[in-house]
Number of protein chains: 2
Amino acid sequence: MVQPILLDEQLCFSIYKAQKQFNHFYAQALSKYHLTYPQYITLLSLWEHGTMSVKQVGQTLSLDSGTLTPLMKRLEKDGWISRSRSTVDERRVDVSLTQKAEDLRDEIFEHVQSCATKVGMDLDEYRAVKASVDKVHEKLMAVSDGDLRY
Amino acid sequence: MVQPILLDEQLCFSIYKAQKQFNHFYAQALSKYHLTYPQYITLLSLWEHGTMSVKQVGQTLSLDSGTLTPLMKRLEKDGWISRSRSTVDERRVDVSLTQKAEDLRDEIFEHVQSCATKVGMDLDEYRAVKASVDKVHEKLMAVSDGDLRY
DNA sequence: GACAAGATAATCGTGTACAATAAAACATGA
DNA sequence: TCATGTTTTATTGTACACGATTATCTTGTC
């Protein structure tokens, strides 16, 4: 006899819902800049590392070009980034921040921080949760390299 | 001076990546049944509660009809569920499981469980992570009811 | 220098996700 | 009755997310 698997007792479902709620949180926090969460973390990566190829951005975000290309085009249309073929290696498309993105960096940081403060999480608790989620992520990565399909 | 916000130190990003990895895990685990993770949790909800309206399923999964209607149509096409207008209240569409879905329930449960075992998480640890993620979710819900947009 | 092998981005197809709107059906009070 | 407001589902439009394929470019290797 197999026990029923209750949705509300599953970690995957908790993370699924938390991720959606984070999306909603950032949708509100970033609405004045007309940025989505994936667009925001793309900018975060560029603010952190400077000009990079699409491939490199993808590695920092665990996203492939099928996701990034249209997302980048929207960011370019809205004046956050510029894209250009590398002259060194013409397979590469280098992505760099515009002056607008540089100028708004600190303002956006501060605004997001002020919104995050309202969530009211203790810093030690924050780090503890993050560490345990990271551990789950690592275990999932390890097992997904194998074959679960029979 | 504003400190740079490092992506790898952010809980939202950890949860974002963990959610994607869970998706990948279930994509492999469920590939022999041609089910995606959202389709699977839809079936889980129906296995748990029995026939429900689209609205009710949405409440158990935190999804709206814009997501569920096309998803349900695919589940119906693949023979997992049947959809029919309620005779009591003709605004409602009741969703019920087919014989195939009932028959495969225990087999799918067992198969998913066997895959989950390979992740190798301690039960106490599993519950601890889940509890802390749930707490984050609750805090995000609370703050998102307010207004973060100024 | 030609050619095979590998790298890189773009494109396409499928499947979520959600906001906004529309449409239909029910409930209620005047 | 019937007008009004509410509930419920469907539809539309925008934006990810990823697998598979394609096109182009670079780098050996001979």
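Lettering follows sequence order; numbering is per chain, from 1. All figures in this text were calculated on a predicted structure; none of them were measured in a lab.
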What integer distance in Å separates [X]:[atom1] from [N]:[atom2]?
X       : N      : atom1 : atom2 : value
A:Ile41 : D:dC16 : CD1   : C1'   : 11 Å
A:Lys77 : D:dT14 : NZ    : C1'   : 11 Å
B:Leu63 : C:dT16 : CG    : C1'   : 9 Å
A:Asn23 : C:dC18 : CG    : C1'   : 10 Å
B:Asp64 : C:dA19 : CG    : P     : 7 Å
B:Arg85 : D:dT9  : CZ    : P     : 8 Å
A:Tyr26 : C:dC18 : OH    : P     : 17 Å
B:Met52 : D:dT8  : CE    : P     : 14 Å

To the side chain of [X], which of [options] is closest?
X       : options                : result
B:Arg91 : C:dA17, D:dT7, D:dC18  : D:dT7
B:Lys55 : C:dA9, D:dA10, D:dT8   : D:dT8
B:Asp89 : C:dT16, C:dA10, C:dC26 : C:dC26
A:Pro38 : D:dT9, C:dA10, D:dC16  : D:dC16
B:His24 : D:dA17, D:dG19, D:dA10 : D:dG19

Earlier contact from the 5' end, DNA chain C, for A:Lys20 and A:Val54: A:Val54
Comparing B:Val88 and B:Gln39 on DNA chain C - which has the more 5′ nearest nucleotide: B:Gln39
Can you tell me if [X] touches the phosphate of [N], counting only side-chain N or O atoms and a distance under 4.0 Å to OP1 or OP2?
X       : N      : value
A:Gln19 : C:dA17 : no
B:Thr69 : D:dA10 : yes
B:Arg92 : D:dA10 : no
A:Gln56 : C:dT8  : no
B:Arg74 : C:dT16 : yes
A:Tyr16 : C:dT16 : no
B:Ser65 : D:dT8  : no
B:Lys73 : D:dT11 : yes

Would you mind classifying the nucleic acid contact of [X] as base, sugar-phosphate or nothing, using non-hydrogen atoms under 4.0 angstrom?
X       : answer
B:Thr42 : nothing
A:Thr36 : sugar-phosphate
B:Leu68 : nothing

5' precedence on DNA chain D between A:Gly66 and B:Thr67 (nearest-nucleotide basis): B:Thr67
Mutual orientation of the aromatic rings belonging to A:Trp80 and A:Tyr33 [parallel < 30°, tilted 30-60°, perpendicular > 60°]: perpendicular
Distance, nearest 0.5 Å, that separates CZ of A:Phe109 from CG of A:Leu104: 11.5 Å
Sole candidate of B:Gln99, B:Arg105, B:Lys100 that passes side-chain hydrogen bond (donor to acceptor under 3.5 Å, both in side chains) when paired with B:Asp103: B:Gln99
Closest non-hydrogen atom pair, A:Gly120 against B:Lys139: O-NZ, 3.0 Å
A:Asp124 side chain to A:Arg127 backbone, donor-acceptor under 3.5 Å: no
Between A:Gln10 and A:Tyr16: side-chain donor-acceptor atoms closer than 3.5 Å: no
Partner of B:Ser65 by side-chain contact (heavy atoms from CB on, under 4.5 Å), out of B:Thr69, B:Thr67, B:Leu63: B:Thr69
